[in-house]
Amino acid sequence: MPNSLDDAEIHRIVQNVVQKMTGSVQRETVQPGDKKVVAIGADHGGFELKEALKSDITALGFEVSDVGTNSKDAVDYPDFAHAVAQAVSSGKAWRGIMIDGAGIGSCIVANKVPGVRAGMAYDISSANNSREHNDTNVLTLGAGLIGVALAKQIVKVWLTTEFAGGRHTPRVDKIVAVEKKYLK
């Protein structure tokens, strides 16, 4: 009797069963025709890394919305971090990535925008944790701290890791509650 399921479908079913049985985190996938927008921005220090990451993000099945900068000419990172965060907060982008020299300043700026939970990642573990535990929707990177190869790995993990929910949900809810308390 021929099998009516292809290998990809069988793999998907097995993964779902294993994840339900073990409570493990599922990786998100983007189906054709269902592109999610990733806003990406950088200051002059992150410009080259931003350009290097765009094709990888597209190859993962996402649509890229580049908010600048468009050269290595000196600019101020808060302008571009704000643009990325605003795209996410407004719903124009599903997630956002901002790159500056260290990733710290942009993370601070992005977290000032309501609805944004930005996290800086410097390795695969911090990228994974920021998604699984904190449900971050903006990733900041320090171009002066990590190389292109590591940045590509971080971005792939961050874009494909789902929020774990469970015990982390009430903690993220508390983050949102603190934000709401100070909104005017």
Side-chain angles (χ1 to χ4, degrees), residues 28 30 35-163 168 171-172 175-176 178-179 182-183:
E28 289 186 66
V30 178
K35 286 202 174 194
K36 295 179 180 176
V37 176
V38 176
I40 189 166
D43 69 359
H44 55 283
F47 171 72
E48 289 181 346
L49 182 55
K50 173 179 70 92
E51 294 302 305
L53 293 172
K54 290 190 318 188
S55 62
D56 286 53
I57 295 167
T58 301
L60 289 170
F62 301 99
E63 182 179 326
V64 173
S65 174
D66 188 339
V67 302
T69 192
N70 299 312
S71 75
K72 289 170 54 174
D73 294 340
V75 293
D76 297 325
Y77 67 83
D79 299 331
F80 299 95
H82 182 237
V84 168
Q86 193 171 32
V88 172
S89 179
S90 70
K92 291 180 182 173
W94 168 67
R95 292 205 191 140
I97 300 171
M98 175 61 197
I99 307 142
D100 65 18
I104 300 166
S106 290
C107 191
I108 293 168
V109 172
N111 277 314
K112 300 291 184 186
V113 177
V116 170
R117 285 178 308 282
M120 186 185 103
Y122 46 85
D123 60 18
I124 293 169
S125 180
S126 59
N128 189 67
N129 183 281
S130 77
R131 284 290 310 130
E132 282 187 353
H133 295 200
N134 308 118
D135 197 18
T136 55
N137 51 14
V138 171
L139 170 68
T140 65
L141 299 171
L145 303 176
I146 59 174
V148 175
L150 179 56
K152 288 180 176 192
Q153 292 173 343
I154 289 169
V155 166
K156 182 177 182 179
V157 165
W158 187 78
L159 287 173
T160 60
T161 299
E162 283 191 12
F163 175 52
H168 304 291
R171 296 169 184 162
V172 172
I175 294 169
V176 172
V178 168
E179 176 185 69
Y182 291 95
L183 288 176

Legend entry - Closest contact, heavy atoms only, Leu49 versus Ala151: CD1-CB, 3.6 Å
Legend entry - Smallest separation among heavy atoms of Glu179 and Pro114, with atom names: OE2-CA, 3.2 Å
Legend entry - Pairwise distance CD(Gln86) to NZ(Lys92) - rounded to 0.5 angstrom: 7.0 Å
Legend entry - Nearest-0.5 Å distance that lies between atom NZ in Lys54 and atom CD1 in Ile97: 12.0 Å
Inset, instruction - Provide the full list of ring-ring contact (aromatic ring centres under 6.0 Å, His included) pairs with a residue in residues 136-161, sequence neighbours left out, each pair given once. - result: none
Legend entry - Gap separating the OG1 atom of Thr160 from the CG atom of Asn128, nearest 0.5 angstrom: 8.5 Å
Legend entry - Heavy-atom pair with the smallest gap, counting every atom of Ala52 and Ser55: O-OG, 3.9 Å
Legend entry - Sequence-distant partners of Phe47, side chain to side chain contact (heavy atoms under 4.5 Å, CB included), two or more places apart: Lys50, Glu51, Thr69, Lys72
Inset, instruction - Rounded to the nearest 0.5 Å, what's the gap from CD on Gln153 to CD1 on Ile146? Could you check? - result: 10.0 Å
Inset, instruction - List for me each residue that meets side chain to side chain contact (heavy atoms under 4.5 Å, CB included) alongside Asp79, sequence neighbours excluded, and say none if there are none. - result: Asp76
Which side-chain N or O atoms in residues 138-145 pair as donor and acceptor under 3.5 Å with protein atoms at least two apart or in another chain?
| residue | atom | partner | partner atom | Å |
| --- | --- | --- | --- | --- |
| Thr140 | OG1 | Gly103 | O | 2.9 |

Legend entry - All pairs passing salt bridge (charged side-chain N to carboxylate O under 4.0 Å, His left out) where residues 37-46 contributes a residue, at least two apart: none
Legend entry - Closest non-hydrogen atom pair between Ile154 and Ile124, with its separation: CG1-N, 4.1 Å
Inset, instruction - Could you tell me which residues satisfy side chain to side chain contact (heavy atoms under 4.5 Å, CB included) with Asp135, sequence neighbours excluded, listed by chain and number? - result: Arg117, Arg131, Phe163, Val172
Inset, instruction - Return the minimal non-hydrogen interatomic distance between Val116 and Ala85, and the atom names on each side. - result: CG2-O, 3.5 Å
Inset, instruction - Output yes when a side-chain donor or acceptor of Thr136 lies under 3.5 Å from a complementary backbone atom of Gly119, and no otherwise. - result: no
Legend entry - Heavy-atom donor-acceptor pair, Glu132 side chain to Thr161 backbone, under 3.5 Å: no
Legend entry - Ser126: side chain to side chain contact (heavy atoms under 4.5 Å, CB included) partners, not counting sequence neighbours: Ala121, Tyr122, Asp123
Legend entry - Nearest-0.5 Å distance, NE2 of residue His44 to CZ of residue Phe80: 10.5 Å
Legend entry - Ile104 side, atom CD1; Tyr77 side, atom OH - distance, nearest 0.5 Å: 9.5 Å
Inset, instruction - Please examine the side chains of Val84 and Ile40, heavy atoms only from C-beta on, and report whether any two atoms are closer than 4.5 Å. - result: no
Legend entry - Partner residues of Lys152 under the salt bridge (Lys or Arg N to Asp or Glu O under 4.0 Å) criterion, sequence neighbours left out: Asp56
Legend entry - Closest non-hydrogen atom pair between Gly46 and Ile99, with its separation: CA-CG2, 3.6 Å
Legend entry - Partners meeting side chain to side chain donor-acceptor pair (under 3.5 Å) with His133 (sequence neighbours left out): Asn129
